[in-house]
Protein chains: 2
Amino acid sequence: MNNNQIFVKKLRSSGLRPTKQRLHICKVLFDRKDTFHFTINDLADLVQRQLNKKISLATIYNTVHAFKKKGYLKEISINSDKNYFDTNISNHHHFFNEGTNELIDLKDKDVGRIKIKKNIPGKKIKFIEVIVKIANNN
Amino acid sequence: MNNNQIFVKKLRSSGLRPTKQRLHICKVLFDRKDTFHFTINDLADLVQRQLNKKISLATIYNTVHAFKKKGYLKEISINSDKNYFDTNISNHHHFFNEGTNELIDLKDKDVGRIKIKKNIPGKKIKFIEVIVKIANNN
DNA sequence: TTACCTGCAAAGAGTTTGCAGGTAG
DNA sequence: CTACCTGCAAACTCTTTGCAGGTAA
């Protein structure tokens, strides 16, 4: 299956029609070796630069949100200023460089087992998110 | 030292004059037994309900930000929708109930030591934030 | 008296929505 | 052909800023 077919499948399974604009969004998101951390703005800029043509924010937003809902993208809570997404949907955590606003993946094995010793009756743990804020060494 | 004197001291050490409005903000924030998790909106509502009078958002914002800068309040990154603050400035983590948007403190001892096995050259770890997302048990 | 503060309103940033023309199926 | 999509612009929400009158020191 080539990339384009994969993208079409992702879009369809997210309830979206595979339009030209959305296939370009997919290309920017998923046609890469490494994890991609981005804000909506980053993504819009990249897609538009690649296409050399304006793409509506409405399209970017609805595509990203559909992918997030379907689980093809993860949202990362860093701070309230910027809303980050991550194409790495495996279980992992992050370094966040506050100087540069850069996110770096921490593989699951890079973080020791996290033990939560408190229990809330009637609730179960859904997901643990760890953000390791880093700064220059001086 | 009574509460009012403590509040005046907090304000002054944050570079703010102790005005009537700010003393009320202090009362809502710090005159309580338990940790208080809030958004700017929560705080504005509470202060205004107590005073039965409108308080400018400008005042709320500049006071909260000055306290945060001075370290009397902590900011918590949960998601991009809401910006939470915490009157508990000790080292601790949080449960976040996604159904109710409620934050619950995890004492430091409730979370096992977190071991980060990866190092970024030239950077040091400033601070680790853990959010444990919880949901109903069913 | 002077510098800071308050309240209001307007301005910004990021996100969402409504609509009319366009496109996939 | 119909339902969905796109692009645009307007609307919304949250936060910040500017200003004129008011208050702390």
Side-chain angles (χ1 to χ4, degrees), chain A residues 4-5 7-28 38-70 73 75-85 101, chain B residues 4-5 7-28 38-70 73 75-85 101:
Chain A
N4 211 66
Q5 289 173 309
F7 299 160
V8 170
K9 212 172 155 186
K10 281 199 161 156
L11 286 166
R12 287 211 195 282
S13 61
S14 305
L16 299 174
R17 284 187 181 165
T19 63
K20 209 181 309 177
Q21 291 87 341
R22 288 186 176 143
L23 287 169
H24 270 285
I25 294 173
C26 284
K27 194 151 179 269
V28 171
F38 64 97
T39 64
I40 293 281
N41 237 322
D42 297 337
L43 180 58
D45 283 354
L46 274 171
V47 173
Q48 293 179 28
R49 201 169 312 141
Q50 271 206 11
L51 271 174
N52 204 29
K53 179 168 171 308
K54 191 138 185 31
I55 280 202
S56 173
L57 276 180
T59 305
I60 307 266
Y61 273 102
N62 67 30
T63 306
V64 166
H65 288 156
F67 281 160
K68 181 193 156 190
K69 192 173 171 192
K70 183 66 183 179
L73 291 174
E75 197 170 0
I76 310 168
S77 313
I78 302 291
N79 62 41
S80 52
D81 297 349
K82 302 214 165 212
N83 195 2
Y84 286 88
F85 293 90
N101 275 13
Chain B
N4 212 66
Q5 290 173 306
F7 299 159
V8 170
K9 213 172 155 188
K10 281 198 160 158
L11 286 165
R12 286 211 194 283
S13 60
S14 306
L16 300 173
R17 284 187 182 167
T19 63
K20 209 181 310 177
Q21 292 88 339
R22 287 186 176 145
L23 287 169
H24 272 283
I25 293 172
C26 284
K27 194 151 176 268
V28 171
F38 63 97
T39 64
I40 294 282
N41 237 323
D42 297 337
L43 179 59
D45 283 354
L46 274 171
V47 173
Q48 293 180 28
R49 200 171 310 142
Q50 270 205 13
L51 271 174
N52 204 29
K53 181 169 168 310
K54 190 140 185 31
I55 280 203
S56 173
L57 276 179
T59 306
I60 307 264
Y61 274 101
N62 68 30
T63 307
V64 166
H65 288 156
F67 280 160
K68 181 194 155 189
K69 191 172 171 192
K70 183 66 184 180
L73 291 174
E75 196 169 1
I76 311 169
S77 312
I78 303 290
N79 62 41
S80 52
D81 298 348
K82 303 212 164 214
N83 196 1
Y84 286 86
F85 293 90
N101 276 11

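Chain letters run A, B, ... following the sequence lines, proteins first and then strands; every chain starts at 1. For the numbers below, each heavy atom of this structure counts, side chains included, while hydrogens, waters and symmetry mates do not.
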Can you tell me how far apart [atom1] ([X]) and [atom2] ([Y]) are? Round to the nearest 0.5 Å.
X: A:Asn62; Y: A:Gln21; atom1: CG; atom2: CD; answer: 10.5 Å
X: A:Gln50; Y: A:Ile25; atom1: CD; atom2: CD1; answer: 11.0 Å
X: B:Leu46; Y: B:Asn41; atom1: CG; atom2: CG; answer: 10.5 Å
X: A:Lys82; Y: A:Ile40; atom1: NZ; atom2: CD1; answer: 12.0 Å
X: B:Tyr61; Y: B:Lys68; atom1: OH; atom2: NZ; answer: 12.5 Å
X: B:His65; Y: B:Glu75; atom1: NE2; atom2: CD; answer: 6.5 Å

To the nearest angstrom, how far is [X] atom [atom1] from [N] atom [atom2]?
X: A:Arg12; N: D:dA3; atom1: CZ; atom2: P; result: 17 Å
X: B:Ile60; N: D:dC14; atom1: CD1; atom2: P; result: 15 Å
X: B:Asn41; N: D:dT16; atom1: CG; atom2: P; result: 13 Å
X: A:Leu43; N: C:dG14; atom1: CG; atom2: P; result: 15 Å
X: A:Asp45; N: C:dA13; atom1: CG; atom2: P; result: 15 Å

Review point. Can a side chain N or O of B:His65 be found less than 4.0 Å away from OP1 or OP2 on D:dT15?
Key: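 Result: no.
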| query | Does the side chain of B:Tyr61 get closer than 4.0 angstrom to OP1 or OP2 of D:dT16 through an N or O atom? | reply |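 No, B:Tyr61 has no side-chain N/O under 4.0 Å of OP1/OP2 on D:dT16.
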What protein N or O atoms touch nucleotides 5-9 of chain C N or O atoms at under 3.5 angstrom, if any, and at what distances?
{"from": "C:dC5", "atom 1": "OP1", "to": "B:Arg17", "atom 2": "N", "distance (Å)": "3.1"}
{"from": "C:dC5", "atom 1": "OP1", "to": "B:Arg22", "atom 2": "NH1", "distance (Å)": "3.0"}
{"from": "C:dT6", "atom 1": "OP1", "to": "B:Thr19", "atom 2": "OG1", "distance (Å)": "2.5"}
{"from": "C:dT6", "atom 1": "OP2", "to": "B:Arg22", "atom 2": "NH2", "distance (Å)": "3.1"}
{"from": "C:dT6", "atom 1": "O3'", "to": "B:Gln21", "atom 2": "NE2", "distance (Å)": "2.7"}
{"from": "C:dG7", "atom 1": "OP1", "to": "B:Gln21", "atom 2": "NE2", "distance (Å)": "3.1"}
{"from": "C:dG7", "atom 1": "OP1", "to": "B:Lys53", "atom 2": "NZ", "distance (Å)": "3.2"}
{"from": "C:dG7", "atom 1": "OP2", "to": "B:Ser56", "atom 2": "N", "distance (Å)": "3.1"}
{"from": "C:dG7", "atom 1": "N7", "to": "B:Ser56", "atom 2": "OG", "distance (Å)": "3.2"}

